[in-house]
Every structure is written in structure tokens, then in C-alpha cells.
There are 2 protein chains.
Amino acid sequence: MNLPPVIQAFVLHFGEMGSRWGINRTVGQIYALLYVSPEPLCADDMVDRLGMSRSNVSMGLKELQSWNLVRLMHKPDDRKDYFTTLGDIWQIVRTLVEERKKREVDPTLSVLRELLMQNPAMADEQHAQDKMREMYEMIEMLCGWYDDVRRLETERLMQLLSLGAKVQKILEVKDRLFALPGGRSKEPAGKEG
Amino acid sequence: MNLPPVIQAFVLHFGEMGSRWGINRTVGQIYALLYVSPEPLCADDMVDRLGMSRSNVSMGLKELQSWNLVRLMHKPDDRKDYFTTLGDIWQIVRTLVEERKKREVDPTLSVLRELLMQNPAMADEQHAQDKMREMYEMIEMLCGWYDDVRRLETERLMQLLSLGAKVQKILEVKDRLFALPGGRSKEPAGKEG
DNA sequence: CACATATTTCAGAAATTTCTGAAAGTTGAG
DNA sequence: CTCAACTTTCAGAAATTTCTGAAATATGTG
């Protein structure tokens, strides 16, 4: 590797992290390098700095493009492809979550839905389906929440995150304010309304 | 494998998912099987049903115990170790998040903190540190939020999730209610009181 | 088209991870 | 202590994933 020490440490760490999250180590390194680079880099830059083969860089970039994590650019009078990460860190996280949902969560929901349609042949299958339903409903709930918050502007999202569980307190106030004599204030907050 | 079809499909799918998230396929299978089993299972049960070696099951269970995902039990007059998953699906997700934070997020924060202390030797390092700071601050913010919501009871958490971005509307109402003439209502919502 | 420059593909090599059987370790009962 | 029942360890085998160099492909230029 041919990088200033601080950048090298960062790149190595994110290579490791990547591989713990099912992302190829070198793909993690390429992305980390792009993330901290002030200018777009071409494949040969990455070969120089990361010390991996040209073909490996090529495959890594292809992978990153398929994840929408990287954008291809050109410079005038230069036939090389240059790459950058796109957006700020919040946009990056949004993209990561979106892609992982598409690739792993949605297919899991499909599988669960399909298995829940089957007729249980025995008691164990019946019980298994109950557990699968429990899981299905949780994932659906998380997806519903995600679908809602992903539309927020980053500014608003950060506001919400800063609030944390204090939202809870606001809800309690709301509950008290709108409490009806019949005790309807205890009904769970629904999405409608 | 020696499992009813619905359970087998579930176990296989979660083995796949596990391996996409950096969890060994067979560990995923063991956990999936335990999750849908109505009764605690012993290692030999798992060997029978999953068709893997006894030693593999032993290692998988050790791994799952280190993640606090599985509890060891005993039956009267039986020297075997029996295992179950613990808690409902929400508790499971909490445990997963907690452990992953401990193993991956916290160490990442340490690395970033350390790298941000270094004196940048050149312009590129300076820029890299700016990007690392951006990342560090985002992770801190997410952790702060997590630290808040993880304390909520599941019932409350679900309520919050169902609300989704509607919390936003409540905030807007609050902003209007407490708006001061000087325009202070536009300050970002802080964690302090 | 021929050439130079650049990228991609892919078969096999290398590295890593996972899995297994055999041996060693542990534990409770007699 | 000895035995039987059970679990863990671990070195090497097997499987999988990653990486590479060489060849193929693509593309802009004259």
C-alpha cells in the first residue's frame, strides 16, 4: 500500500469491517479510499495506492456500481474512467440501507410469505409458522417505519434522531391532551390519521 | 437434512442470509432451527435434523452463546445440554443490534477517534480527516438515538415505529406552539430538555 | 481499418473459511 | 477411582471465496 498513514489505517479498518458484514475486503478498501479522496480516482490510482491487481480493482468497482455506491466520471481529454462516492455520509447510509433491503430483506419477506401459505402437516410445522409470522410482522413493521423516515430530508431526520426517545414524552403529552373519557387514549398509535 | 419441508426451507434461507451478513451458514441454520422449535434441542437433535457433524454443531453453539443468542438448559435426569433461543423476536433483534454495536461500531468509533487525533501531514490527510469526522459524527448521532430507544419497552417501541414520520408532524405542531417572536423556533431540536 | 489506450472477463492459483473425525477433556454415578 | 455419557478441541481436509495474469473486448483517433 502506498498511502499516508492516517488514510491507510482508515482503509484497512474498513476493509476488515466490510468483510465482517459480508462485503469483500478489497471492495471495502476501494470504497474507503474513494470516500476520503478529495478528487475522483481512476483504476490505476487505486492499483498504485492499494497494491492490488488491476483486475481486482475492476471487479470491485463493478460491484460498487451495482450497489449504487460509486459514480463514474470522465475528465476532458482523458479516456480513463474516474470514480467518486456520491453524496454525503447520510446519503451513503441511505443507499446502503436501501440496497440491503432490496437484496436481503425483501426476498426474506417473500420467502416468509410463501412459507406461511403452506398447510402445516404437523404440530411442529404449525408452531414454526407461528414463529415465522411473528418474525414477518416485525420485519413489516420495521419496513413501514423505514419507508416513512427515508422520505425525510436529512435535516429533519437528524432532528428526529437527536430527539431520541423524547418523542415518547411528546406522545404522552398528546395522549393526555386528546384522552377521551372512555379510555380510548390507550389504543396503540396507528399509521392512519 | 431431516426436517419438515416448511422448516427446512426456513432453515436454509436463514443459513443463506447469515452468510451474507458475515455469519457462518451453519450457525445461521442452527439458530433458525432453534428459533422455530417448540422445545429446547440438544446437540444430537441438531446433528440429526441439520445433517452436520457433531463438532460443527458444538462450535456453532459456542458461537451463538458468545452472542447471547442462545440459552443453555438442562432437563431433570438428563446430562445433555439443551438449547433455546431467548425472548421474542424483538428481544432477539435487540440482542443482535447490541452485540454488533459492541463488536463493530464501538471499535470503529475508537479507530476514528484515534485517527482524528493525528496531525495531518499533507492536504490529502487533512481532507480525509474531515470526511472521517463527518462519519464519526453520524455514527455518534445514530448511537445516541439507539441508546435512547433501546430503553423503551417493546410496546412503546412499536408505537413509535407505527408512527413513523408522523412524529415529524407532531414536532411541527410543537414548534409552532412554542415559537418565540425572535424566530428561535428554527433551532434544531437538541437532546437537552 | 490499424493502432493505442483502457476496461472486462475468466480460468486457475492463492487465501481464507468452514467442516470433520479423532482424540482429549469434563462430569456425575457407582 | 473407573466408567459411561457427553462436550470440546484441533489439525488437517474440503469447500468457498478472493485474487491474479493473460487474453479478449471495447473505444476513440487518425
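Between I23(A) atom CD1 and dT18(D) atom C1' the separation is 15 Å, expressed in whole Å. In this structure, CG of D44(B) is placed 12 Å from P of dT8(D), rounded to the nearest angstrom. The nearest whole Å value for the distance from the NZ atom in K62(B) to the P atom in dC19(C) is 16 Å. Protein atom CZ of R25(B) is 14 Å distant from nucleotide atom P of dT17(C), rounded to whole Å. In this structure, H74(A) atom NE2 and dT7(C) atom P are separated by 8 Å, rounded to whole Å. The distance between atom CD of E63(B) and atom P of dT8(D), rounded to the nearest whole Å, is 14 Å. Between the CG atom of L72(B) and the P atom of dT7(D) there is a distance of 9 Å, rounded to whole Å. Whole-Å rounding puts the M46(B) CE to dT7(D) P distance at 10 Å.
Within the structure, a side-chain polar atom (N or O) of T26(B) is placed less than 4.0 Å from OP1 or OP2 of dC19(C). Look at R54(B) and you won't find any side-chain N or O under 4.0 angstrom from OP1 or OP2 of dG21(C).
The residue among F83(A) and M59(A) whose nearest nucleotide of DNA chain C lies closer to the 5′ end is F83(A). Of the two residues near DNA chain C, S55(B) and C42(A), the one whose nearest nucleotide lies more 5' is C42(A).
Between Y35(B) and E134(A), the side chains place a donor N or O and an acceptor N or O closer than 3.5 Å (distance only, hydrogens not considered).
Residue-level contact check: M52(B) touches the backbone only, with heavy atoms under 4.0 Å from sugar-phosphate atoms and none from bases. Looking at heavy-atom distances under 4.0 Å, D81(A) makes contact with sugar-phosphate atoms alone, never a base. In this structure, N24(A) reaches the sugar-phosphate backbone alone: every heavy-atom distance under 4.0 Å involves primed, P, OP1 or OP2 atoms, never a base.
Ionic pairing of E99(A) and R103(A) is present here: one or more N-O contacts between side-chain nitrogen and carboxylate oxygen are shorter than 4.0 angstrom.
When distances are taken from the side chain of N56(B) to each of dC6(D), dC19(C), dT7(C), the shortest belongs to dC19(C).
The 12-atom threshold is exceeded at NZ of K75(A), counting heavy atoms of other residues, nucleotides or ligands nearer than 6.0 Å.
How far OG1 of T26(A) is from OH of Y31(A): 15.5 Å, rounded to the nearest 0.5 Å.
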Report the C-alpha distance between R151(B) and D148(B) in whole Å, list the side-chain angles of each, state the deciding distance to 0.1 Å, and finish with yes or no for salt bridge (Lys or Arg N to Asp or Glu O under 4.0 Å). CA-CA 6 Å; R151(B) 290 178 225 275; D148(B) 243 34; 5.1 Å; no
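Between the side chain of R79(B) and the base of dA5(D), at least one donor-acceptor pair of N or O atoms lies under 3.5 Å.
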